[in-house]
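Hydrogens, waters and symmetry mates are skipped; everything else that's a heavy atom, side chains included, is used. Just so it is clear: chains get the letters A, B, ... in the order the sequence lines come, proteins before strands, and each one is counted from 1.
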Amino acid sequence: MDVAAGQLFTGLSLGSILLLAALGLSLTFGQMGVINMAHGEFIMAGCYTTYVVEQLISATGVALIVSLFAGFLVGGLLGAALEMGLIRWMYDRPLDTLLVTFGVGLVLQQAVRDIFGAPAKNVVAPDWLTGGIGIAGTVVPKTRIFIMVLAVVAVIALATALKTTPMGRRIRAVVQNRSLAETSGVSSRLTDVSTFFIGSGLAAVAGVALTLIGSTSPTIGQSYLVDAFLVVVIGGLGQIKGTVIAAFAMGLLNSFVEYSTTATVAKVIVFIVVVIFLQVRPQGLFTVRTRSLA
Amino acid sequence: MTVIGRLGAQSSLKTLGGFAIAAIVLFGVAPAMLTDFRLSLLAKFLCFAIVAVGIGLAWGRGGMLTLGQGVFFGLGAYIMAMHLQMADAAKAHEDVPEFMTIAGVPELPSYWRPFESAPVTILAIAILPAALAAVLGLGVFKRRVKGAYFAILSQALAAALAILLTGQQTIGGFTGLSDFRSFFGFRLDDPVNRRMLFFIAAGTLLVVVAVARQLMRSRYGELLVAVRDQEERVRFLGYDPANIKIVAYVVAAFFAGIAGALFTPIVGIISPADIGVVPSIAFLIGVAIGGRTTLLGPVLGAIGVAWAQTTFSEHFPSAWTYFQGALFIVVVGFIPAGLAGFGPMAKQLLERVRRQSADAATEPDAGGETAETPAATEPEPAQPAAAAEQKVEAR
């Protein structure tokens, strides 16, 4: 029983991380059709923001909370800059945005390597997150619970923002019908930039969370990017609901397969399952018909 | 069709000439001018060029952005590496390759057994990458998964293979396979044999280019471009676009597998770092720079980029990464037709200047002229095509 519970919590926690990483992508990739390969580097930016904030503020508890906001801001600004500088010229060429943003990712990675050095950096978790809590016969580290809570908060915040705020309404309007939204007086430029700000900010928040469970290196974003993309593909275009289900499904599948085999085999099996899944539902779990990807 | 008919006789002569020049450069000039070390380096670049020809076919002509050619390259390379290890072990009268003894693997894993035999190895290099591509292509294209989705899946495949290999100690794990002593019985430390390897790579490249040219100029090649530009219309004409795409993808995988198999003995090491996500995408930059829709653009681009990387990173290791990133941004973002795009552009400009000066003297006969100019610049840059498709699908 406790083994199963342990794997269940591992899966849920991995799912939460995937969810945080994929949430921003489901906005920028799912809703806007832009394949942002630099998304992984925005995650990394969140990690390094946490590192810097912790150097500035020695109280780790305060530092973590400050990092969440600072990370969102840093990631968001990077994303907005990327949108304004490059992506705005390429909305009709989604495949090329992929390669262009890959180039941006390379540059960001190398910049971090030059600024902070290649060796991995460690962030100290605050006191109130050390240790674990016993649940259902297994001990769950508090950091993992924090990440799960963070993921839930992020999803609720994003969903509420999209549903109720004027900005969220504008984003949905532009996604559903760009030209009609423009005719109705919505500035699609402003909407595009703010969508990117939010999506990239969320990536950085995922990065902040990652510092709690491992060390930070320049390539950290790369290792989550592919999985995040798969989550969005399974979840369906721009569907928060789909992203949530897909992230936890992948997290759980991964942790249970990993238990019976090895971590590397688990990755491969997850990939095979995704390809088979696409045979059944090429469009992902949930879909709305929007601007289709070329 | 008419374009090919009109250009046929003239351009096949031109092509023959081109091949002759390439052969002279590769088989005569390069070996005479370069030191053994540089020649071996060039042989490595030629391997990348072979991959690039396949990418040009799948991506440039077929519109399939494959981010995972490293998978097929890696399959070819690892199969060859396993055979070379087994051959070395057999020569030393050992049961298992040396690295396994060091790693403490007592018994040969069963999947190594087939690669003891040279014919099986060669067959496997030819068949396995192509077969994997066919399976993935069937799974993806038949279900009309395309564009970004295909790109992401191919990338995930590369990630999966790299992770799988990294975790497998019985195939070298993180460090990969290296220290090969001979290549089908020829000692690899002998400069003459290394020179021979260069000639094999050069010959393979020429054959691969010839095959790709034939494919591109055939009816199939026209269909492939048609699928890239207007997949739905091709479907309505009674073809299955999935089959057309699968063939291009399989051919690209086949080329990449061969390139990998040559890469192993030439470079002397293959590891997961050579075939993961980043190197797989790096294959694309040479293709993009040279001109993805052309035949020779990818070849020259791949060689140029590989050469630049070697020269650059000798002096400024970190600057190369910035430069590579900048290349992706500038070339893909702003010159999608690549350097090859400048050729037709210059031709058009010259044409216009010539016509203007001719117009000054005689009555303008612009109708016939303008109809011919775009036809002569045969490969269409991908940008208008993508834009057109977007418009159609948005309806």
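Leu284(B) touches chain A through its side chain: at least one heavy atom from C-beta onward sits under 4.5 Å away, while N, CA, C and O do not. Proximity to chain A (any heavy atom under 4.5 Å) is restricted, for Ala151(B), to the side chain, taken from C-beta onward. Only the backbone of Ala326(B) comes within less than 4.5 Å of a heavy atom of chain A; no side-chain atom from C-beta onward does. Proximity to chain B (any heavy atom under 4.5 Å) is restricted, for Val274(A), to the side chain, taken from C-beta onward. Only the side chain of Leu98(A) comes within contact range of chain B, with heavy atoms under 4.5 Å apart. Contacts of Gln109(A) with chain B are absent, with no heavy-atom separation under 4.5 Å from either backbone or side chain. Interface remark: Val332(B) contributes backbone and side-chain atoms alike to the contact with chain A (heavy atom separation under 4.5 Å). Of the two parts of Val330(B), neither the backbone nor the side chain holds a non-hydrogen atom closer than 4.5 Å to a non-hydrogen atom of chain A.
Taking the six-membered ring for Trp, Tyr249(B) and Phe150(B) have ring centres closer than 6.0 Å.
For Asp274(B) (side chain) and Ser271(B) (main-chain N/O), a donor-acceptor pair under 3.5 Å exists by modelled atom type. In terms of modelled atom types and a separation under 3.5 Å, the side chain of Thr101(A) and the main chain of Ile35(A) share a donor-acceptor contact. Of the possible polar contacts, none joining the Arg170(A) side chain to the Ser187(A) backbone as a donor-acceptor pair under 3.5 Å is found. Between the side chain of Arg93(A) and the main chain of Gly333(B), a donor-acceptor pair closer than 3.5 Å is present. In terms of modelled atom types and a separation under 3.5 Å, the side chain of Trp89(A) and the main chain of Phe334(B) share no donor-acceptor contact.
Highest contact tally toward chain A, considering only Leu67(B), Val331(B), Leu327(B), is held by Leu67(B) [criterion: heavy-atom pairs under 4.5 Å]. The residue among Val277(B), Thr166(B), Leu157(B) with the most heavy atom pairs within less than 4.5 Å of chain A is Leu157(B).
Residues satisfying the salt bridge (Lys or Arg N to Asp or Glu O under 4.0 Å) test with Asp240(B), not counting sequence neighbours, are Lys142(B).
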